[in-house]
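Here is the structure we will look at, set down as structure tokens.
Residue numbers begin at 1 in each chain, while the letters A, B, ... track the order of the sequences. Keep in mind that the numbers below use all heavy atoms, side chains included, and drop hydrogens, waters and symmetry copies.
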2 protein chains.
Amino acid sequence: MTAPNRATLWGRTLVDELAKSGVTGAVVSPGSRSTPLTVALAEHDDIETYSVLDERSAAFFALGRGRRTGEPTAVVCTSGTAAANYHPAVVEASQSRVPLLVLTADRPAELVDSGANQTVDQEQLYGDAVRWYKTLPEPAPEPRRLRSLRVAADRAVAKTTGANPGPVHLNVPVAKPLEPTEEPGDVPDSLADDAPLAVEGRDGPFVRTTAGRVEPDDAAMADIAAALESADRGLVVAGPLNPGRCDPEAVAELLDATGFPLLADPLSGLRYGPLVEDHLVAGGYDSYLDADGWPDPDVVLRVGASPTSKVLRRFLRDADARQVVVDPAGDWPEAEFTATDYVEADPSGTAGALAERVDDRSALDGASGDTAEGAAAAWRRRFERAETAHWDLVDEAADDELFEGAVLSEVVAGAPDPATVFVSNSMPVRDCDRFGRPRPAELTVLGNRGASGIDGITSTALGAGSATDDPLVVVTGDLAYYHDMNGLLSVARCGVDATIVLINNDGGGIFHILPIEEFDPPFTEQFVTPHGLDFEPSADLYGLAFRRATDIDDFAAAYRESLDTDGTQVVEVRTDGEASHRRRERLHERVRERVAREL
Amino acid sequence: MTAPNRATLWGRTLVDELAKSGVTGAVVSPGSRSTPLTVALAEHDDIETYSVLDERSAAFFALGRGRRTGEPTAVVCTSGTAAANYHPAVVEASQSRVPLLVLTADRPAELVDSGANQTVDQEQLYGDAVRWYKTLPEPAPEPRRLRSLRVAADRAVAKTTGANPGPVHLNVPVAKPLEPTEEPGDVPDSLADDAPLAVEGRDGPFVRTTAGRVEPDDAAMADIAAALESADRGLVVAGPLNPGRCDPEAVAELLDATGFPLLADPLSGLRYGPLVEDHLVAGGYDSYLDADGWPDPDVVLRVGASPTSKVLRRFLRDADARQVVVDPAGDWPEAEFTATDYVEADPSGTAGALAERVDDRSALDGASGDTAEGAAAAWRRRFERAETAHWDLVDEAADDELFEGAVLSEVVAGAPDPATVFVSNSMPVRDCDRFGRPRPAELTVLGNRGASGIDGITSTALGAGSATDDPLVVVTGDLAYYHDMNGLLSVARCGVDATIVLINNDGGGIFHILPIEEFDPPFTEQFVTPHGLDFEPSADLYGLAFRRATDIDDFAAAYRESLDTDGTQVVEVRTDGEASHRRRERLHERVRERVAREL
């Protein structure tokens, strides 16, 4: 490691250590104060650098990459409000446990709170939303300081992952010169010889960090296994989980051992994939758990965050059941306050441990013939029939009408195998929940469901898309599309291809499902906020293809065509938010009726 | 005040009190949790409500309105990352002392940190960037609680203004129902009769708050006045100051009494207006204070924030002078660390107090004839000649070439009287500093110079424009224009007309003035970041007129035409960032040479 001055040395050392610690991607926004970091990143062969101009979009792009891969992506900005623009993505990363390494350049200490230009208080800028925060010491060509820098880099990377992944903030003050200009004597010639360890680091990370896995307590497992074993109406409920955070094989073992249905949120990573082929993976619950006469479960094992489905959450809230919530970081993600057991442990490990301990209940399954079914088999059969009723009616409805649910049905059914499918908050994720039928295909369905904002959907999706060769499908509403329109620049600048399905109901369709609908004014003007935007010029601006689908067949054709075409296409579907809501309600009612009648 | 339930009562009471406290404008983004606030604002006749969909833009819009008027504008959002999107504008409001009242809706206490959807930690979300923070108690139809709400509202408004204006954050938790749905018995029928004061408030604010003015210390004034009186080379330097924060009449008295030149930053509020007619208001200092042989001042009186001009800041840094920094909030805004005196007092009051105490120095002025000039008169004459040299050369240069400085020269010279002119950070404000000639016209020139971000320029400008009937001119670069493109939606939705001068040099022109220019790569790809965007579709998207000017005469014509036309026009000037920089350098060199030769 050589460098013409201390700032350059500092940037190079930090970036060298980040790369050795396993950081493979960095999102950089242009700025002056961050020059030592930007220069070092641009030089480094093992870190892919993405240039994203709007810092809000930049942080969401990094979040998306981290969400898809489970590896921290660095995001680098200059001092000032640039860093404050990261805040929304930092909050989302914190809430949804995505590794994200925030590097904010800062002015040297003497300029903080001095009236100097573009100098703000960056200390603990993100409050409690980060797993770790540190203002680094200022660059100095001293062995101890350089070693401390390498350790801080390793520690930061380690803190973004582990049992409770999330954002880490390193604030990096640097004084001028920021550029790699030659400053004779600033870095002593003898430094590398005197302190090779500090200057060159080691082969591999300076400190190899290993994160343990939180294994469940044996006694608790035995106790819960006994409860599962004797359950008449057991359930496994999987809420949103990031890719790789719950092993489908372990869940399969648990389902095999217990015979329980799995209610799989679309963001759980368990609704799509081989698990579906030979297990009862339910996705239609949002339509039928509130059907008349649907019985309570008696035991529920829950993994992941709070499910998207309100019907499911209320069902669990009102159930007189033993409810076991499993969370590796002890965050108690259960806002209905009905859990009876919290298990702080890795969900895969817990599923495996329980599967091992549960005696084979497959006889209860009734699968072997038409002998009298036990209660457990009847419970299972109930879910199977309800799923059939639900998906039959969804298919029927989706066949002949272009409402928002039909679009999600088609998006999921027609997604290539494999694919990454990113669904926006507000209605798309809810429609994906209700209309996105489980498939054995390797669909990685993602959303920003930590804080459920609509502020960085496009960028997060493109960041996720940048991390794999899978085709990328983005389903977004008009408000989310508008909110992060700047993110579309990453299509060209970061070289990500996508099919962007834009469901345009000219405003906030979600408000139709809320009681405020009854109060107009201010309903239309302040809640729906119809903006009347014609988005076709937005595609021109960013060099994208744009096509407006007029009916559901036209949409299906445009969607297929886009998937078969290189480049990025925006396929817009104009819908009526209110009519779509009525359509959902009618379908919900029909499923409930059929289920109540049949069962 | 009647209300169908406690949440509605809470919202109405809060908004009633804000209006009585003097809040006349509120920017609202659509969301569910904020329903009680949104409903109450929409109902209220005395508060103008602006609907802005992107919360980042919304907060900047409110900031602009507050900057222009000096009155706090409320900004209202739902829970979650929406609130984090306010952070950049909150930081800018804090740094540049703009009143801003942030109201973030929040979930009730039991849902915080429970895993509930769209629920994040909003406690002290903006850290030390706000002047006051409070999480309100939850709505209850109780007299004490309602009185506490009124007091909190008055206190919040008062905290946004005063000697140190800035942002205030009220976090507002509310439980469902959020809508004005009838909940019989929730608000007791007898409440208004039992506690009329709590329910109806008073005529006018519940608590009338008066902010004192910080008057300067007498002994200090006498001492400093003596120094001014005996100065050979005195200066008054005015950095950025918000409108109304420094009375030009008081400054005029001080200039009359001392005969000092005033070096007026374009954002000081003192470079444009009647003061210019009969006082030496210098604006060309960035070109000549570093001329060979330019002498040091011996006494400098400074008001406002750190000046935009680096040449001026270095001149002050290197001066062997008594430097008096006047600041009403004791923030020591002097990052060159050469001040000899800090005066914590109102700048107008200080100017007035000094003017009263300084004996008439007009004989020193040499204005009465060709008698031998004193040192003070020579000093004054020096500035007069340098200003002439500077502006002659600027006019010459601006006449024949479309470089970025010529655009700012034309923008300022051609702005109507009165007008609000908003200049973006990075190059426009610097070019306005060097090329925007002082005029007696009532130009209110504004910028976001607190943290100097480019993230909310358009929205801040449109917010400023919303507050007056003055024509609005916005001068922005392509990166700033891109960054806040979403802000353009406010043209239509908030009914603001503007002339938007878009100086498009395809990337970060400012980097050409930095040493990183010598290092390519990464200079072009990571710093200049040419994006190649054709912005014409952005005008289509937002229903704006778009015209591209090809030379300086064409620009002047397009600019005049836009000013004479209703609606909003984007006048784009494509420039070469590097060539513009070279042009600035040549001009600087020529002024320095002429000044050194002549004086």
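Neither the backbone nor the side chain of I510(B) comes within contact range of chain A; no heavy atoms are under 4.5 Å apart. Contacts of Y126(A) with chain B are absent, with no heavy-atom separation under 4.5 Å from either backbone or side chain. Heavy atoms of P521(A) lying under 4.5 Å from chain B are absent altogether. With a threshold of 4.5 angstrom between heavy atoms, D128(A) approaches chain B through side-chain atoms but not through N, CA, C or O. The part of P530(A) that comes within reach of chain B is its backbone (N, CA, C, O), which places non-hydrogen atoms under 4.5 angstrom from that chain. For a residue to count as touching a neighbouring chain, one of its non-hydrogen atoms must lie under 4.5 Å from one of that chain's; by this rule Y86(B) does not touch chain A. For A116(B), the parts lying near chain A are the backbone and the side chain together; criterion is any non-hydrogen pair under 4.5 Å. For a residue to count as touching a neighbouring chain, one of its non-hydrogen atoms must lie under 4.5 Å from one of that chain's; by this rule L41(A) does not touch chain B.
Not a single donor-acceptor pair under 3.5 Å links the side chain of D540(A) to the backbone N or O of P537(B). Side-chain atoms of Q95(A) come within 3.5 Å of backbone N or O of T119(B) as a donor-acceptor pair.
No other option in N117(B), V90(B), T38(B) has as many heavy-atom pairs under 4.5 Å with chain A as N117(B). The most heavy-atom pairs under 4.5 Å with chain B, out of P177(A), S452(A), G115(A), P333(A), come from S452(A). Ranked by heavy-atom pairs shorter than 4.5 Å toward chain B, the options R449(A), R313(A), E518(A) are led by R449(A). Between chain A and the residues V28(B), D121(B), L53(B), V91(B), the most heavy-atom pairs under 4.5 angstrom are made by L53(B). Chosen from P180(B), G127(B), G80(B), the residue pairing most often with chain A at heavy-atom distances under 4.5 Å is P180(B). Comparing N486(B), L541(B), L178(B) by heavy-atom pairs within less than 4.5 Å of chain A, the highest count is held by N486(B). No other option in F523(A), W332(A), F519(A) has as many heavy-atom pairs under 4.5 Å with chain B as F519(A). In terms of heavy-atom pairs under 4.5 Å with chain B, the best-connected choice from S57(A), A82(A), A335(A) is A335(A).
The shortest non-hydrogen separation linking A42(B) to P522(A) is CB-CB, 3.7 Å. Heavy-atom minimum distance, F527(A) versus P30(B): O-CB, 3.5 Å. Here the shortest heavy-atom pairing between P515(A) and T181(B) reads CB-CG2, 4.5 Å. The shortest heavy-atom contact between L514(B) and S32(A) is CD1-OG, 3.5 Å. Nearest heavy-atom pair across V120(A) and A451(B) is CG1-CB, 3.6 Å.
Counting heavy atoms of neighbouring residues, nucleotides and ligands inside a 6.0 Å radius, atom CG of D113(A) does not exceed 12 of them.
One distance of note links CG of D455(B) with OG of S29(A); it measures 11.0 Å at 0.5 Å rounding.
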Problem - Criterion side-chain contact (heavy atoms from CB on, under 4.5 Å) on V39(B) and I516(A), from CA distance to verdict - result: CA-CA 9 Å; V39(B) 167; I516(A) 191 67; 3.9 Å; yes

Exercise for the section: Start with the C-alpha distance between D54(A) and R56(B), add both sets of side-chain angles, then the distance that settles salt bridge (Lys or Arg N to Asp or Glu O under 4.0 Å), and finish with yes or no. Expected result: CA-CA 12 Å; D54(A) 177 337; R56(B) 180 172 69 182; 2.7 Å; yes

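A perpendicular orientation is assigned to the rings of Y482(A) and Y542(B), their planes being inclined by more than 60° (bins at 30° and 60°).
In this structure the side chain of N85(A) never reaches within 4.5 angstrom of the side chain of H87(B), judged on heavy atoms. Residues L489(A) and L533(B) meet the side-chain proximity criterion, which asks for heavy atoms closer than 4.5 Å. Side-chain contact between H483(A) and E55(B) is present, with heavy atoms from C-beta onward closer than 4.5 Å.
Applying the side-chain hydrogen bond (donor to acceptor under 3.5 Å, both in side chains) test to pairs two or more places apart or on separate chains, those with a residue in residues 522-539 of chain B are D478(B)-H531(B), Y481(B)-S538(B), D506(B)-H531(B), D520(B)-T524(B), D534(B)-R548(B).
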